[in-house]
Amino acid sequence: MSEREAAQHPRAFEPVTALITLVVSLLGAAIGIHMITTLGVAPNTSVIGAVIAMLIGRVGFAGLHRMRDVNRQNLVQSSISGATFAAANSLLTPIAIPYLFGRPELVWPMLLGASLGLAIDVYVLYRAYGSRFLPASAAWPPGVAAAETIKAGDQGGKQAVVLIGGGVVGFVASLLGLPMSAAGIAMIGNMWALLMFAAGLLIAQYAPGLLDVDLGALYVPHGVMVGAGVVALVQIVLIMAGKQTARQAARARELEEAAQEDPALAPTVTDAMLRRALTSGFGLFFLGAVLLALVGGMWTQLPWWGLLGFALFAAFAAIVHELIVGLAAMHAGWFPAFAVTLIFLILGLLLHFPAVPLALLIGYCASTGPAFADMGYDFKAGWILRRSHRPYTAFELEGRREQLKASILGFVMAIGLVALVWPSLFADGNVPPTSQVYADTISAGLSDPSVLINLLIWAIPGAIVQIIGGPGRQMGILLATGLLVATPNAGWLVLIALLGRVVWQRWRGATGEQEVALVGAGLIAGDSVHSVGTMIWKH
């Protein structure tokens with residue numbers, strides 16, 4: 001066994017690594033806070049973190065040369081992206097809801113609840129990642145982009161040229177207004193899932209003009225997501241119970257055979273471990289909701305059975321929200337967190353939740369999902385960088401644990417920064433636009449019964465498509481994601497990239513598959529760099 005193979009994975013709490021991680025995490029949290037309050041979105045900063053770590057590794061003193069190690073660079077990119085999404089999506093967005101609702105005294109209780117939601121969110125992903133439900137071998141496209149960026153910086157050569165070429169194309173096309181991340185994702189993800197993603201994007205783009213209908217006003221995308229989400233939940237339960245269709249059993253046998261040649265393809269989390277992860281996650285979400293209710297003073301507004309109902313619904317909403325967002329992120333690289341939260345807001349209104357408890361419930365629900373998805377990307381990047389190591393399993397689990405520790409450092413910085421800056425931000429009117437939508441919707445209420453009817457009607461096609469695709473493809477979830485994201489021209493880019501992927505792979509064989517993945521990673525990286533750079537330059 002070589003020295004490289006015998007080496008331990010670098011530790012996240014090594015003094016130099018931890019210091020760099022904290023500084024970079026602070027940068028990521030600041031970027032996330034600024035962007036979510038100015039443009040309403042939080043960029044993926046993982047590639048930025050990887051590049052920063054590479055540059056630091058070129059310094060030859062104070063032990064900084066150790067950052068040349070790709071696994072240390074991966075720890076840094078894990079922390080910065082985690083801090084960005086945590087600060088923007090999981091913390092600032094939830095705490096702005098009670099503030100905008102006219103109850104600023106509930107911001108601190110909501111920050112506590114959102115921090116708990118973030119922590120439980122990450123715990124569930126850590127325990128469930130590598131299972132049949134959330135396999136490391138799935139797409140997780142931004143994670144591929146981060147990993148390929150790190151590999152290209154380490155290895156150079158043809159791979160670096162292909163990746164840089166894709167990055168240049170992605171950057172230039174993004175300057176022209178084209179969402180090149182969509183094309184990059186199509187070169188990496190599951191083809192059937194992405195076909196449905198493209199279908200959703202194209203329907204959302206052209207249906208309003210051709211049919212003269214507002215899909216959002218009719219709650220068509222939301223209904224499709226509800227139907228697909230219910231079926232996805234049933235599929236999760238069946239996996240946890242060990243139930244398999246004939247197709248799934250055949251696929252499992254194929255994976256077992258492939259894992260004999262490549263141990264990295266074997267699940268590291270059994271179905272029993274997955275079951276414990278999700279059930280314990282639900283229990284923790286329930287306890288977190290109880291604490292939020294008590295700290296938020298809901299015991300003065302609700303009887304004991306009302307508090308119990310609140311906690312049960314909040315726990316259910318939180319775990320379903322994170323799973324749906326995670327599945328969409330795993331296949332498409334985009335997650336419809338706002339739309340899925342809005343679905344539970346509508347359900348809460350239909351169930352006649354009081355306004356203040358509903359505002360806290362929606363904040364709690366919104367705190368889950370983005371960090372779950374982002375850590376999935378980070379673990380995917382680590383999996384790619386570690387998969388050739390032998391022995392594999394112990395090193396992979398060790399590396400995953402160190403990534404969790406690095407991400408925790410990022411989350412701590414995010415929580416601290418949000419707690420420090422929210423009073424001045426909110427006082428100046430700097431709030432996430434999605435929080436304003438949630439607060440306005442709660443204030444307006446829901447008196448139109450046709451909303452529920454539309455949700456139920458459009459849940460049917462969403463459920464059917466999800467059943468057809470099965471848990472491995474998540475076609476219903478991706479169809480709904482495309483309808484909800486509705487980015488102009490992204491559907492055409494996905495279709496063109498899928499066609500180019502098929503043609504190139506048939507011409508070049510196995511080599512073509514790797515080249516296509518590198519180009520896709522480059523497109524995503526170039527688009528991300530342009531997005532972050534433009535936001536910083538303008539704001």
Side-chain angles (χ1 to χ4, degrees), residues 10 12-59 62-64 66-93 115 118 122 142-143 145-146 149-150 153 171 370-371 373-375 377-378 381 402-422 424-425 430 432 524-539:
F13 292 161
E14 293 173 356
V16 172
T17 304
L19 179 60
I20 294 172
T21 296
L22 289 171
V23 173
V24 172
S25 296
L26 184 61
L27 172 64
I31 290 174
I33 291 171
H34 185 66
M35 300 312 168
I36 200 71
T37 55
T38 54
L39 297 184
V41 295
N44 190 324
T45 54
S46 57
V47 172
I48 306 299
V51 172
I52 291 174
M54 289 179 202
L55 294 175
I56 292 174
R58 298 299 186 268
V59 178
L64 297 179
R66 302 178 71 188
M67 292 306 298
R68 286 177 178 263
D69 185 283
V70 295
N71 291 302
R72 286 191 176 87
Q73 294 169 8
N74 185 46
L75 294 177
V76 172
Q77 74 84 16
S78 299
S79 67
I80 188 174
S81 63
T84 301
F85 284 112
N89 299 87
S90 299
L91 298 171
L92 198 67
T93 297
S115 300
L118 168 66
V122 169
T149 300
I150 292 172
F171 185 86
D374 178 69
M375 183 165 282
Y377 301 152
D378 296 334
E402 295 305 317
Q403 281 189 264
L404 174 65
K405 294 177 182 178
S407 297
I408 289 173
L409 292 177
F411 298 146
V412 169
M413 296 300 289
I415 293 171
L417 189 60
V418 169
L420 183 66
V421 304
W422 78 259
S424 59
L425 280 175
N430 296 319
I524 296 172
D527 193 23
S528 299
V529 170
H530 169 261
S531 175
V532 174
T534 301
M535 290 177 182
I536 293 175
W537 178 260
K538 287 184 176 180
H539 299 277

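Any value given below was found using the heavy atoms of this structure, including those in side chains, with hydrogens, waters and symmetry copies removed.
To the nearest 0.5 Å, atoms OG (S25) and CG (L409) are separated by 6.5 Å. Interatomic distance, CD1 of I56 versus CD1 of I20, reported as 4.5 Å (0.5 Å rounding). For the atom pair OH of Y377 and CZ of F85, the computed distance is 6.5 Å after rounding to the nearest 0.5 Å. Rounded to the nearest 0.5 angstrom, L26 CG and I31 CD1 are separated by 10.0 Å.
Take L404 and apply the side-chain contact (heavy atoms from CB on, under 4.5 Å) test, not counting sequence neighbours, and it matches V122, Y126, M375, I408. Under the side-chain contact (heavy atoms from CB on, under 4.5 Å) criterion, A146 pairs with S46, Q77, A381, not counting sequence neighbours. For L425, the side-chain contact (heavy atoms from CB on, under 4.5 Å) partners are I33, L92, V421, N430, not counting sequence neighbours. Among residues two or more places apart in sequence or in another chain, the side chain to side chain donor-acceptor pair (under 3.5 Å) test is passed with S78 by Q403. With sequence neighbours excluded, the residues that form a side-chain contact (heavy atoms from CB on, under 4.5 Å) with T17 are E14, T21, M67, R72, L75.
Here the closest non-hydrogen pair linking A83 and G410 is CB-O, 3.5 Å. Shown here for T84 and G28, the closest heavy-atom pair between the two residues is OG1-O, 3.0 Å. N74 and D378 get closest at one heavy-atom pair: OD1-O, 4.1 Å. Smallest separation of non-hydrogen atoms from A87 and A29: CB-O, 3.8 Å. Nearest heavy-atom pair, G49 versus I80, reported as atom, atom and distance to 0.1 Å: CA-CG2, 3.6 Å. Smallest separation of non-hydrogen atoms from L417 and A30: CD2-N, 3.7 Å.
Looking only at side-chain heavy atoms (C-beta outward), I36 and P432 come within less than 4.5 Å of each other.
Counting only residues at least two apart or on different chains, the side chain to side chain donor-acceptor pair (under 3.5 Å) pairs with a member in residues 405-414 are E402-K405. The list of side chain to side chain donor-acceptor pair (under 3.5 Å) pairs with a residue in residues 408-422, not counting sequence neighbours, is empty.
Between the side chain of N71 and the backbone N or O of P10, no donor-acceptor pair lies under 3.5 Å. Proximity of a side-chain donor or acceptor of T93 to a complementary backbone N or O of A88 within less than 3.5 Å is detected.
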I415 vs S115, side-chain contact (heavy atoms from CB on, under 4.5 Å): CA-CA, chis, key distance, verdict: CA-CA 7 Å; I415 293 171; S115 300; 3.9 Å; yes

